[in-house]
Number of protein chains: 2
Amino acid sequence: MNDYTKIKNYVARHIQLTEEEETYFVSLLRTTRVKKKQFIVQPGFTCKYRSYVLTGAMRAYLIDNKAQEHTVAFAIEDWWISDYNSYINQEPATLFVEALEDTILIQIDYNAEQLLMETIPKFERFFRIITQRSFAFLQKRILSNLSKSAHERYEEFIEKYPSIANRVPQYALASYLGFSPEFLSKIRNKRTGKS
Amino acid sequence: MNDYTKIKNYVARHIQLTEEEETYFVSLLRTTRVKKKQFIVQPGFTCKYRSYVLTGAMRAYLIDNKAQEHTVAFAIEDWWISDYNSYINQEPATLFVEALEDTILIQIDYNAEQLLMETIPKFERFFRIITQRSFAFLQKRILSNLSKSAHERYEEFIEKYPSIANRVPQYALASYLGFSPEFLSKIRNKRTGKS
DNA sequence: AGAAAAAAATGAACTGGTTTAGGAAATTAA
DNA sequence: TTAATTTCCTAAACCAGTTCATTTTTTTCT
């Protein structure tokens with residue numbers, strides 16, 4: 001039922017564990033099922049978990065003071081998601097993290113993660129490496145936002161993440177790329193043209 | 001002459017080292033002086049160093065295909081700077097990293113950093129923690145860019161980093177905040193009004 | 001299956017920020 | 001201390017993307 005093979009493989013891509021260490025790691029995990037539109041994080045509540053998507057799709061977003069949504073991140077199979085600001089500093093969240101589909105998550109809680117790093121220092125390395133990758137990803141996104149037009153950002157996204165582009169609602173994609181849903185509609189129409 | 005007190009304090013804020021460990025750490029560092037407008041990283045060349053600013057100011061920026069500059073990061077005293085994508089993956093840089101003033105840098109090279117983490121695993125933790133902080137910082141910047149107007153972003157910046165705002169050229173600040181230098185001029189005039 | 005709700009499309013009017021072009025001020029170099 | 005270069009300012013025309021209002025399509029619920 002609880003299949004931890006995928007998350008074990010994910011970890012194995014970055015560090016090598018003994019069987020014993022792997023067993024210990026898995027003992028700290030828990031599986032959570034969420035229905036579409038359900039939240040796992042909400043502003044005001046401290047985010048307890050770092051979540052790995054086993055199946056399904058999630059997104060993290062902010063609602064600003066003009067009631068506009070801004071998507072910070074998507075996560076599909078084999079990706080992680082959280083309100084990291086809240087999780088890392090164990091302070092109240094500012095983001096919503098919501099299921100875009102019925103989703104199965106594998107979660108580790110903050111205290112367990114700290115314990116894991118103390119018990120198996122290789123995990124210090126693991127979290128360093130995945131954080132570095134996320135950092136590099138965000139930096140590319142900032143540069144893309146600064147240097148490219150809305151249209152170019154859209155083309156770039158569907159080329160790099162076609163599986164996400166066709167799976168998430170358009171308003172969510174627009175709010176990730178930094179323009180209005182109406183404009184996304186306009187772009188898409190120009191693209192297909194009439195046929 | 002070479003004063004490593006400040007960088008030792010920086011490290012001590014995150015991990016505790018024995019004297020021996022501290023001595024070893026310092027033995028891996030080198031000091032570099034750069035003149036204003038000099039580059040320490042250029043596109044095409046792999047970035048060898050992670051650089052800590054002892055005195056002076058630096059910035060990292062991209063030049064896009066329309067010959068426009070986009071500032072990724074500033075660094076003043078007690079901050080780090082690099083083309084991290086290039087540094088972490090040891091692949092050719094895409095950014096310029098340039099001195100905005102005559103600057104003294106303390107640098108560690110990639111191989112030394114790897115060795116340091118193997119020799120003193122506490123540094124694995126150190127780099128994890130500072131990368132997490134940078135990650136959180138970039139995420140806030142993305143959200144700010146998505147949810148705020150140019151004017152609001154400017155106000156936010158001068159409030160949070162007055163020491164940087166008054167120290168770097170306006171075109172560099174504009175290219176960091178994501179608008180044209182002309183528009184920054186416009187904002188500044190509206191701000192002071194006539195008096 | 002049919003009603004209700006949510007998401008996507010369309011189009012016209014609008015606006016925040018850009019572009020272009022010129023001149024003024026400040027830095028740098030000799 | 002002057003010439004050259006770089007940075008900054010100003011203002012008008014312009015445009016990429018927004019806003020608003022309405023309709024169509026898709027999804028969800030019973």
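All chains are named by letter (A, B, ...) in the order of the sequence lines, taking the proteins before the strands, and each is independently numbered beginning at 1.
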*asked:* Classify the ring geometry of B/Phe126 against B/Trp80: parallel below 30°, tilted from 30° to 60°, perpendicular beyond 60°.
replied: perpendicular
*Parallel, tilted or perpendicular: which fits the ring planes of A/Tyr87 and A/Tyr84, with parallel below 30° and perpendicular above 60°?*
perpendicular
*Examine the base of C/dT18 for any acceptor or donor lying under 3.5 Å from a partner atom in the side chain of B/Lys186, and report the outcome as yes or no.*
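Flag set: donor-acceptor pair detected.
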Spacing of [X] atom [atom1] relative to [N] atom [atom2], expressed in whole Å:
X        : N      : atom1 : atom2 : answer
A/Glu101 : C/dA7  : CD    : P     : 14 Å
A/Phe183 : C/dA12 : CZ    : P     : 16 Å
A/Arg153 : D/dA16 : CZ    : C1'   : 11 Å
A/Glu152 : D/dG17 : CD    : P     : 9 Å
B/Gln68  : C/dT18 : CD    : C1'   : 9 Å
B/Lys66  : C/dT20 : NZ    : C1'   : 17 Å
B/His70  : C/dT18 : NE2   : P     : 11 Å
B/Leu177 : C/dG16 : CG    : C1'   : 16 Å

From [options], pick the nucleotide closest to the side chain of [X]?
X        : options                : result
B/Pro169 : C/dA8, C/dA6, D/dC8    : D/dC8
B/Glu182 : D/dA11, D/dA21, C/dT18 : D/dA11
A/Phe179 : C/dT10, D/dG17, C/dG17 : D/dG17
B/Ser180 : C/dT19, C/dT10, D/dT10 : C/dT19

_Using heavy-atom distances to pick each residue's nearest nucleotide on DNA chain C, tell me which of B/Ser149 and A/Tyr171 is more 5'._
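Mapping each residue to its closest nucleotide by heavy atoms, the 5'-most match is A/Tyr171.
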*Should B/Glu69 and B/Arg59 count as an ion pair when the cut-off is N to O under 4.0 Å?*
yes
_Residue met sooner reading DNA chain D from 5', once B/Pro181 and B/Lys37 are mapped to nucleotides_ = B/Lys37
*How far apart are the C-alpha atoms of A/Arg33 and A/Asp102, what are their side-chain angles, what is the distance that settles it, and do they pass the side chain to side chain contact (heavy atoms under 4.5 Å, CB included) test?*
CA-CA 8 Å; A/Arg33 272 148 230 272; A/Asp102 293 356; over 6 Å; no
*side chain to side chain contact (heavy atoms under 4.5 Å, CB included) between B/Tyr52 and B/Ile108, worked out*: CA-CA 9 Å; B/Tyr52 168 91; B/Ile108 184 164; over 6 Å; no
